[in-house]
Amino acid sequence: MNPLFADLPTTIFETMSSLAREHQAINLGQGFPDDPGPEDVRQKAADATLHGYNQYPSMMGIPELRESIAAHYGRFHGLSLDPQRETMVTSGATEALTAAILAMVRPGDEVVLFQPVYDSYLPMVRLAGGVPKLVTLKPPHWHFTSADLDAVFTSRTRVVILNTPLNPTGTVLPRNLLELLASYCVRHDAVCISDEVWEHVTFQGHEHIPMMTIPGMRDRTVKIGSAGKIFSLTGWKVGLVAASPELLRVVSKAHQFLTFTTPPNLQAAVAYGLMKPDSYFAEMRAGFQRSRDRLTHGLQALGFDVIPSQGTYFLNIDIAPLGEIDDFEFCKRLVTEHGVAAIPVSAFYAENPVRNVVRLCFSKNDQTLDAGLERLARAIGKMK
Ligand code: PMP
Ligand code: GLN
């Protein structure tokens, strides 16, 4: 069997959610909201299932959704995309990432990534025969410098994989760092696969800037979004891809043999949802920001050192003050002994992990957050 997969552990999200089920824990691990998502969007999917076309849709996505993606990114970011030649729909961002990596990375090409790294990237880079070159980000700001980039960019660099807002750190990359990275991409003629699934989940004072809008990057970026994150419907798995015709043509060749198409009822609902008024997106953000603040203040009241969250469904705590315990041991004991699931951030490092940071998901209703805090209050004394 292929050792790449035979030797791969089950993803940390599945592992922690299984432990949460087994121990009837409050699941603040895997990122999904308690909120059922906007009813009108779900109604559209139901209507499309009952009264719409349920056979294979077009491989690139239904025309309404491709138009809607172009209009959406035009409205929010001033991007001008040709729906026919520059947009594609995939079965989740996960598929889009795999398609982009398989399409862009040739055996022996060097690929620049930032760790903590979202867990699907590295196995897919290796599958493509790419050579990972890792920049290590550290708390509390998780930023990189030009010296970090000098250390990883070489004449063999072909692809950079960026994630902003960044999961698991909850940070949003500021314009100056996007511009710095863009200057390296341009100088090395590299393509940027830009995972922007959290583009709408950003909080006051932190605006998401798509890599594609940075000078020099319009035609060398594969922009990836996820309807699951935009509409709090993480099970839907509808991915949104935007790229220049030259790049998209090749990414679509990988997509055609990964899933080929994506359920048309969900596509119809997402096409509708992306056209919702600005107020929908602002209210969604405000709701998550309230939950972020509730969990942040609750944790601080318990004495936890919270690393502020600028976006995503996640905040992080620094467990160093608790003493010797590392993040894996902390999360294992937290879920099995105290009934709260969390994610150890070292799971997102391929080498030299940061071992004192734990990710908690706040996209939950107040009762869930308060119950989690109550259990954490009982746990904290016993973990020292
Ligand atoms: N990239 C990042 C950074 C994510 O956080 C997630 C899911 N949480 C994905 C990709 C996968 O998105 P999807 O569910 O649309 O496949
Ligand atoms: N991306 C989600 C998270 O970070 C989980 C998605 C998954 O389970 N693959 O929690």
Side-chain angles (χ1 to χ4, degrees), residues 8-21 27-34 37 61 65 69 88-101 113-125 137 142 161-173 192-202 208 210-211 222-241 255 258-259 262-263 266-267 269-270 273-274 288 309-316 331 335 341-348 357-364:
L8 212 55
T10 299
T11 115
I12 190 69
F13 306 119
E14 185 63 25
T15 304
M16 291 311 299
S17 284
S18 303
L19 282 171
R21 281 189 289 272
N27 193 350
L28 305 184
Q30 192 176 31
F32 57 90
D34 275 348
L65 179 50
I69 294 169
M88 183 174 82
V89 180
T90 57
S91 294
T94 308
E95 194 225 339
L97 284 158
T98 298
I101 292 168
L113 304 112
F114 298 85
Q115 58 168 11
V117 61
Y118 186 67
D119 67 348
S120 78
Y121 303 170
L122 272 174
M124 295 305 115
V125 167
L137 308 178
W142 312 95
I161 307 182
L162 175 69
N163 174 211
T164 183
L166 179 59
N167 177 9
T169 64
T171 45
V172 181
L173 213 57
C192 180
I193 298 174
S194 193
D195 178 347
E196 301 177 11
V197 302
W198 298 103
E199 57 197 338
H200 277 294
V201 191
T202 56
H208 170 67
M211 188 49 137
V222 179
K223 181 185 191 311
I224 295 176
S226 168
K229 304 300 190 286
I230 300 177
F231 300 109
S232 307
L233 297 163
T234 61
W236 271 25
K237 303 301 263 188
V238 178
L240 318 173
V241 183
H255 160 69
L258 285 169
T259 59
T262 299
L266 301 184
Q267 291 197 51
V270 173
L274 289 177
F288 287 128
S309 165
Q310 306 169 343
T312 75
Y313 296 159
F314 313 113
L315 59 74
N316 288 276
C331 290
V335 68
I343 300 285
V345 166
S346 64
F348 298 83
V357 179
V358 168
R359 191 192 85 174
L360 292 164
C361 175
F362 53 72
S363 60
K364 306 292 173 187

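First listed ligand is number 1; within each ligand, the first listed atom is number 1. As the structure is a computational prediction, the values presented were derived from the model and not from experiment.
Atoms of ligand 1 lying under 4.0 Å from at least one heavy atom of N163, given by number and element, are 3 (C). Taking every non-hydrogen atom of N167 and a distance limit under 4.0 Å, the qualifying atoms of ligand 1 come out as 3 (C), 4 (C), 5 (O). Taking a cut-off of under 4.0 Å to the non-hydrogen atoms of K229, the atoms of ligand 1 that pass are 6 (C), 7 (C), 8 (N), 12 (O), 14 (O). Atom numbering of ligand 1 starts at 1 in the shown order; those under 4.0 Å from a heavy atom of W198 are 3 (C), 4 (C), 5 (O), 8 (N). Each of the atoms 3 (C), 10 (O) of ligand 2 lies under 4.0 Å from some heavy atom of G31. Remark: ligand 1 atoms within the under-4.0 Å shell around heavy atoms of S226 are 13 (P), 15 (O). Within the listing of ligand 1, atoms 15 (O), 16 (O) sit less than 4.0 angstrom from a heavy atom of G92.
Under 4.0 Å from ligand 1, not a single heavy atom of E95 appears. Contacts of Y118 with ligand 2, taken as heavy-atom pairs under 4.0 Å, involve the side chain alone. Counting heavy atoms under 4.0 Å from ligand 1, residue D195 touches it through the side chain alone.
Where the criterion is an N or O separation shorter than 3.5 Å, residue side chain and backbone included, Q30 meets it with respect to ligand 2.
By the 4.0 Å heavy-atom criterion, N167 is counted among the residues contacting ligand 2. Close to ligand 2: R359, with a non-hydrogen atom less than 4.0 angstrom away. Note on ligand 2: F314 sits in its first shell, one or more heavy atoms being nearer than 4.0 Å.
Atom 14 (O) of ligand 1 has its closest protein heavy atom at K237 NZ, 3.0 Å. What sits closest to atom 7 (C) of ligand 2 on the protein, heavy atoms only, is F13 CD1, 3.6 Å. Nearest protein heavy-atom neighbour of atom 11 (C) of ligand 1: T94 OG1, 3.3 Å. Regarding atom 12 (O) of ligand 1, its nearest protein heavy-atom neighbour is A93 CB, 3.5 Å.
A donor-acceptor contact shorter than 3.5 Å links the side chain of N163 to the backbone of D195. The closest donor-acceptor contact from the side chain of N316 to the backbone of G170 lies at 3.5 Å or more, if one exists at all. Of the possible polar contacts, none joining the K237 side chain to the S226 backbone as a donor-acceptor pair under 3.5 Å is found. Between the S309 side chain and the G311 main chain, a donor and an acceptor come within less than 3.5 Å of each other.
The shortest side-chain heavy-atom distance between V358 and C331 falls under the 4.5 Å cut-off. Residues T234 and Y313 form a side-chain contact, since some pair of their non-hydrogen atoms from C-beta on lies under 4.5 Å apart.
Shortest non-hydrogen contact noted between H208 and T202 is CB-CG2, 4.0 Å. Across all their heavy atoms, A99 and H255 have their closest contact at CB-N, 4.0 Å. R359 and G31 get closest at one heavy-atom pair: NH2-N, 3.7 Å. Minimum interatomic distance between I69 and V89 (heavy atoms only, all atoms of both residues): CD1-CG2, 4.1 Å.
Ring-plane geometry between W198 and F314 is classed as perpendicular, the angle between the planes exceeding 60 degrees on a 0 to 90 degree scale with a lower cut at 30.
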